[in-house]
Structure formats: structure tokens, C-alpha cells
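Along the sequence shown, residues carry numbers from 1.
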Amino acid sequence: DVPYADVIKENAPLWLANGGSCIAAPDGSWILEPIVHTEGLFTATIDHKEVRRERQNFDPAGHYSRPDVLQLHVNRERQSTVK
């Protein structure tokens with residue numbers, strides 16, 4: 001049971017959630033932009049090669065933004081091939 005369900009239903013708009021169904025490509029661009037106030041089943045075909053390619057750029061855990069895990073040091077001294 002939901003407390004105050006009758007009050008919520010009485011005062012709720014026609015659409016409790018407007019949908020916003022969408023499909024994003026592996027690179028983050030829209031394959032299907034958000035669709036609101038529409039019921040339906042929305043599908044798209046995604047190129048699996050693109051998925052694998054974009055996984056190289058995806059950092060879900062934020063490893064590259066953590067200085068305690070990853071640091072880049074650049075040696076700016078002139079290098080020689082002969083020692």
C-alpha cells in the first residue's frame with residue numbers, strides 16, 4: 001500500500017512520467033531522440049564494430065580521472081639516440 005495513494009492519484013497529471021524513451025549510439029549521439037507522451041516499442045540496429053571501437057574511449061569507473069591511480073609524467077629533457 002502506498003500512503004496517500006488516493007490523494008496522489010487525484011492531483012496527478014495525466015502523464016506521471018512523460019516517457020523520454022530514446023536510444024543512444026555507442027558514441028553518445030542519438031540514434032532515436034527522446035520521445036515523450038507516446039506509447040510504443042522503439043528499436044534500432046547498432047553496428048557492433050562501433051560498440052567495440054567506442055569501448056576503447058569509455059571509462060565507466062573514472063580510472064583516468066583519478067590521480068591516485070594514474071599519473072602522467074613527461075620528460076621534457078632533450079633525448080639522444082647515442083649514449
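Here the CG-CZ distance, from D47 to R52, works out to 8.0 Å after rounding to the nearest 0.5 Å.
For R55, there are no salt bridge (Lys or Arg N to Asp or Glu O under 4.0 Å) partners, not counting sequence neighbours.
Across every non-hydrogen atom of I23 and T43, the tightest pair is CD1-C, 3.7 Å. Among all heavy-atom pairs drawn from S29 and D27, the shortest one is OG-OD1, 2.7 Å. The heavy-atom pair separating E33 from C22 by the smallest distance is C-CB, 3.9 Å.
In this structure, D1 places its CG atom where only 12 or fewer heavy-atom neighbours from other residues, nucleotides or ligands lie under 6.0 Å away.
Put simply, the side chain of T38 gets close to the backbone of V36: a donor and an acceptor are under 3.5 Å apart.
When side chains are defined from C-beta on, F42 counts as touching I35, because their heavy atoms get closer than 4.5 Å. Side chains of I8 and D6 form no contact here, defined as non-hydrogen atoms less than 4.5 Å apart.
Both V51 and L32 belong to a single network of hydrophobic side chains, linked directly or stepwise wherever heavy atoms of I, L, V, M, F, W or Y lie under 4.5 Å apart.
Donor-acceptor pairing under 3.5 Å is lacking for the side chains of E50 and H48.
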